[in-house]
Student: 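Supplied in structure tokens, the structure appears directly below.
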Amino acid sequence: MSALPPSPAAPLEALLRRHGHDPSALLQILIEAQDIDGWLPAPTLTQIAAAIKLPRARVEGVAGFYSFLYDRPVGRYRVLFSDNITDRMLGNRALMDALCRKLWVEPDKVSEDGLVSIATTSCTGLCDQGPALLVNGRAIGQLNHRRINEIAELIRQQRPLEQWPTEYFQIDDNIRRRDALLQLDMLPGAALAAAVARGREGWLAEMQASNLRGRGGAGFATAVKWASARNATEVRKVVVCNADEGEPGTFKDRVLLNTCADLVFEGMTLAAWAVGADSGFLYLRGEYRYLRPQLEAVLARRRAAGLLGKGILGEAGFDFDIAIHLGAGAYVCGEETALLESLEGKRGTPRIRPPFPVTHGYLGRPTVVNNVETLAKTCLIALEGGTAFAATGTAQSAGTKLLSISGDCAAPGIYEYPFGVSIARILEDCGASDTQAVQVGGAAGICLAAYEFQRRIAYEDVPTAGAFMIFDGSRDLFEVARAFVHFFAHESCGFCTPCRVGTALLKGFMDKLNDGHGAKADLADIDWLDRLLKNASHCGLGSAAPNPVIDTLQKFRPAYERRLVSLDFEPAFDLDAALAEARQLTARDDPGAHLQTHEEDGR
Amino acid sequence: MKQFLLDGQPVPFEDGQSILEAARQAGHYIPSLCWHKDFPAHGSCKLCIVKAAGRHVSACATPAKEGWEVESATPEMNGERRALLQMLFVEGNHFCPSCEKSGNCELQALGYEYEMLTSRFRHFYPDRPVDASHPDVLLDFNRCIFCELCVRASRDVDGKAVFALTGRGINKHLVVNAESGRLGDTDFSKNDLAARICPVGVILHKGPGFAVPIGERTYDGQTIREQKLKEES
Ligand SMILES: Cc1cc2nc3c(=O)[nH]c(=O)nc-3n(C[C@H](O)[C@H](O)[C@H](O)COP(=O)(O)O)c2cc1C
Ligand code: SF4
Ligand code: SF4
Ligand code: FES
């Protein structure tokens, strides 16, 4: 149990009032309500439901969906170790075990005094400075045993986070290569002024000429999306910036938001000018909550400068403002229709399409959803014109791409390249050697083996949302694939049968192989599951979930075959392991309590 | 009238009609679990999966298109449906011989229809306690397939919102609208539509069990294919 005394209802009432008792603010209300006690006790959910006039079960359903909302007590210090494969390669598990030992707590449990709880979480976007953790929502990178010792001591002394050494919370940008976007030094409002001077139609024409395609993964033509939203009949339109950045290994949106938030917000405003939107949202992943205060400050400055609000740049009828909404630990909310559900305060379940967001998005309004980087790039187009932008990159991939580089290399960080750059060139620039494989595009992306390093980053060759994880000759690609399969199983929203059950089954098969119980028949079943997930899933999460397995099975098959006991079939059930709970309950660990030794004794 | 081809046979449709609706109206069976004629498509079970113009889509949630060639009763699609059924069986705890819904259960009937002879995958054996707190109705969560028909019926027809889903992924589960988590503490009534709509054996009426003996139940004398086509064409 948490040692906190029951808190008065007053702060809860105040925050409900602040949100105008608006049911579509439910997720934001839950996130803030949790700040009161550190978790969400059942009576709190009941009170919230009554106040915003939603059925209680609905509120419970939303609270139960997000990883960062808790329906039972957590420690006053809640430590979450980032568990991307890159964190694992840097030894996060050993560090977590060490912290658990020092603080006398088991993973996923709360210490008896309610002081601390320790667990893992999906990639927190600090792969270039891992291993990383979140403590009460604040990020700490570059963990090592010394830092873990210090953290254990600070927690034991119950020191408030404000008194922890500030360098702990120092997050580096690690920008290693700048091109068009990262070199841009723009006065806030300059791009907007250029676009307003062209008129709404003229600005959209520039966008069309630019051939800009979405940087969030799918590569959809941005101007086409904007034009569809502009042409939709409903007048109240919405622009959403997708800053969910949940793809393991991706962190370029974090750096853009940290170093050039003005470009991102200006891009949103440029989109609003093109489509005629009056409201905007930045959907910020919960892992980046620590960026919120500085982002709010940028928004306030832009309002004061007449770049947001009513009559932007003195243009009658150009009214637009931006609100920040937080996510709460759900990768699927990066999928644009799940994101819209989440923005409406619901469970992040992807919608049926059609209708598409450009006609029926946030609260049924025409909505443009764009990635952080896509929006920032529109500033370049406004300043320099569409044709100039289209002239860079490759035929089908105009402009540059930000890559988030991590893993086995000398200089991890952010690299901006014109599209068309080869994998080999990138590996050389970041100081990678003895490279066995590169995972491009994150867990959902593609795993390239050495014979493919002449391929190029471009929509027409190797498309990517930006992740670039490097594995040298010492790494086991089966472990990489298994980590990604665990990720997808954890992040499946559970809506559709193939993904809900299929990712859990796939995880079971990978674990079975890992535990040394694999047989040839399992590889056939894995193939089958891969195909079903690809074909039958409701959204891109399920259809991408088998990618890491498909690629590594094809390119690194020995990593799997090594793990097979050479039988056609082998049960996953391990009788001795099944007795573990009984051993724990009876506090026995002597040879007689173990199956194999016991049998041998009997013989 | 516009038409598309379903396994080579022409099927007429009206604008906005889904592949599944148009097919059933024309007397062709495409299986379903989460779809119900009185509600908008849900699109979650994926039993209705078909290949339209070479792409896998949910027939219940995809508007028909003029000239489309749709594959449904092929070995490939039926194989995928069988696997989906196997997934639904191993994910819950389905002991058909002792289930009051046996013979009236759509999941079981589809298992027969698609010749599901084994469960193929490893069983999850989830721990889902039964809720017997309501005087007239018992909830056996072990059999839930998350079609949300009870959720939708209670919310949209009964006006009560007794049910909702919570959790995520394989830990997703059904909850009721009470802080205690007990159906007996909600305003649920055995006369609600939600009390009659569950396609499997979760929402069961108390009182004499097995009133209709096994052998005389809905899917004992006819297949689910025949029954559904009779209901809807
Ligand atoms: C499971 C899943 C997760 C996604 N996560 C993100 C994300 O974190 N950020 C993002 O911009 N797009 C993400 N996307 C892609 C979005 O659905 C959408 O295509 C994108 O935001 C559109 O913006 P763009 O056209 O500017 O790329 C995700 C898609 C899927 C299927
Ligand atoms: S594919 Fe996975 S994440 Fe997408 S809707 Fe289905 S269960 Fe949810
Ligand atoms: S209880 Fe029945 S109707 Fe409700 S979601 Fe589960 S299977 Fe569907
Ligand atoms: S009937 Fe179409 S997805 Fe369930």
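These numbers were taken from a predicted model, which means no experiment stands behind them. Chain letters run A, B, ... following the sequence lines, proteins first and then strands; every chain starts at 1.
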Student: Counting heavy-atom pairs under 4.5 Å to chain B, which of A/Ala49, A/Ala63, A/Pro43 comes out on top?
Tutor: A/Pro43
Student: Check whether A/Ile352 gets within reach of chain B through its side chain, its backbone, both or neither, counting any heavy atom under 4.5 Å.
Tutor: side chain
Student: What part of A/Arg58 gets within 4.5 angstrom of chain B, counting heavy atoms only: side chain, backbone, both, or neither?
Tutor: backbone
Student: Mind listing the closest non-hydrogen atom pair of B/Glu80 and A/Trp528 along with its distance?
Tutor: CA-CH2, 4.0 Å
Student: Need one label for B/Leu33: side chain, backbone, both or neither, based on atoms under 4.5 Å from any heavy atom in chain A.
Tutor: neither
Student: B/Ala41, B/Ser180, B/Ala161, B/Gly43: which one forms the most heavy-atom pairs within less than 4.5 Å of chain A?
Tutor: B/Gly43
Student: Identify which part of B/Arg55 has an atom lying under 4.5 Å from any heavy atom of chain A, answering side chain, backbone, both or neither.
Tutor: neither
Student: Does A/Arg56 reach the main-chain N or O of B/Val176 with its side chain, forming a donor-acceptor pair under 3.5 Å?
Tutor: no
Student: Taking it one step at a time, do B/Lys51 and A/Asn535 satisfy side chain to side chain contact (heavy atoms under 4.5 Å, CB included)?
Tutor: CA-CA 9 Å; B/Lys51 226 194 235 180; A/Asn535 289 339; over 6 Å; no
Student: Counting heavy atoms not belonging to B/Glu115, are there more than 12 under 6.0 Å from its CD?
Tutor: no
Student: Would you mind telling me which of A/His538, A/Arg347, A/Arg531 has the largest number of heavy-atom pairs within less than 4.5 Å of chain B?
Tutor: A/Arg347
Student: Is it the case that atom CD in B/Glu76 sees more than 12 heavy atoms from other parts of the structure closer than 6.0 Å?
Tutor: yes
Student: Sort B/His42 into side chain, backbone, both or neither according to what part of it lies under 4.5 angstrom from a heavy atom of chain A.
Tutor: both
Student: Verify, without hydrogens or angle tests, whether B/Arg168 (side chain) and A/His490 (backbone) share a donor-acceptor contact under 3.5 angstrom.
Tutor: yes
Student: Relative to chain B, which of A/Pro354, A/Pro55, A/Cys499, A/Ser537 shows the most heavy atom pairs under 4.5 Å?
Tutor: A/Pro55
Student: With a 4.5 angstrom heavy-atom cut-off, is it the side chain or the backbone of B/Glu179 that approaches chain A, or both, or neither?
Tutor: both
Student: Between B/His56, B/Glu148, B/Arg155, B/Lys172, which shows the greatest number of heavy-atom pairs under 4.5 Å with chain A?
Tutor: B/His56
Student: Does any part of the side chain of B/Ile170, heavy atoms only, come nearer than 4.5 Å to the side chain of A/Ser492, both counted from C-beta?
Tutor: no
Student: Using non-hydrogen atoms and a 4.5 Å limit, figure out which bit of B/Ile49 sits close to chain A: side chain, backbone, both or neither.
Tutor: side chain
Student: More than 12 heavy atoms of other residues, nucleotides or ligands under 6.0 Å from CZ of A/Phe220: is that the case?
Tutor: yes
Student: Determine the option with the most heavy-atom pairs under 4.5 angstrom with chain A, choosing from B/Gly167, B/Ala164, B/Pro63, B/Gly181.
Tutor: B/Gly167
Student: Give, as side chain, backbone, both or neither, the part of A/Leu54 having an atom under 4.5 angstrom from any heavy atom of chain B.
Tutor: neither
Student: Has the side chain of B/Lys46 got a donor or acceptor atom that lies under 3.5 Å from a matching backbone atom of A/Ala536?
Tutor: no
Student: Side chain, backbone, both or neither: which part of A/Thr349 has a non-hydrogen atom closer than 4.5 Å to chain B?
Tutor: neither
Student: Where is the tightest heavy-atom contact between A/Arg500 and B/Leu88, given as atom of each residue plus distance?
Tutor: NH2-CD2, 3.6 Å
Student: NZ of B/Lys190: more than 12 outside heavy atoms within 6.0 angstrom?
Tutor: no
Student: Say you draw a straight line from CG of A/Leu505 to CZ of B/Phe124; how long is it, rounded to the nearest 0.5 Å?
Tutor: 4.0 Å
Student: Should A/Phe65 and B/Leu165 be marked as a side chain to side chain contact (heavy atoms under 4.5 Å, CB included) after you check the CA-CA gap, both sets of side-chain angles, and the distance that decides it?
Tutor: CA-CA 9 Å; A/Phe65 185 85; B/Leu165 290 174; over 6 Å; no
Student: Applying side chain to side chain contact (heavy atoms under 4.5 Å, CB included), run through A/Leu532 and B/Met87 and close with a yes or a no.
Tutor: CA-CA 11 Å; A/Leu532 193 66; B/Met87 287 180 168; 3.6 Å; yes
Student: Report yes if some heavy atom in the side chain of B/Gln86 is under 4.5 Å from a heavy atom in the side chain of A/Val501; otherwise report no.
Tutor: no
Student: Which atoms of A/Ala330 are under 4.5 Å from chain B, going by heavy atoms: the side chain, the backbone, both sets, or neither?
Tutor: both
Student: Which atom names give the shortest non-hydrogen contact between B/Leu84 and A/Pro498, and what distance separates them?
Tutor: CD2-CD, 3.7 Å
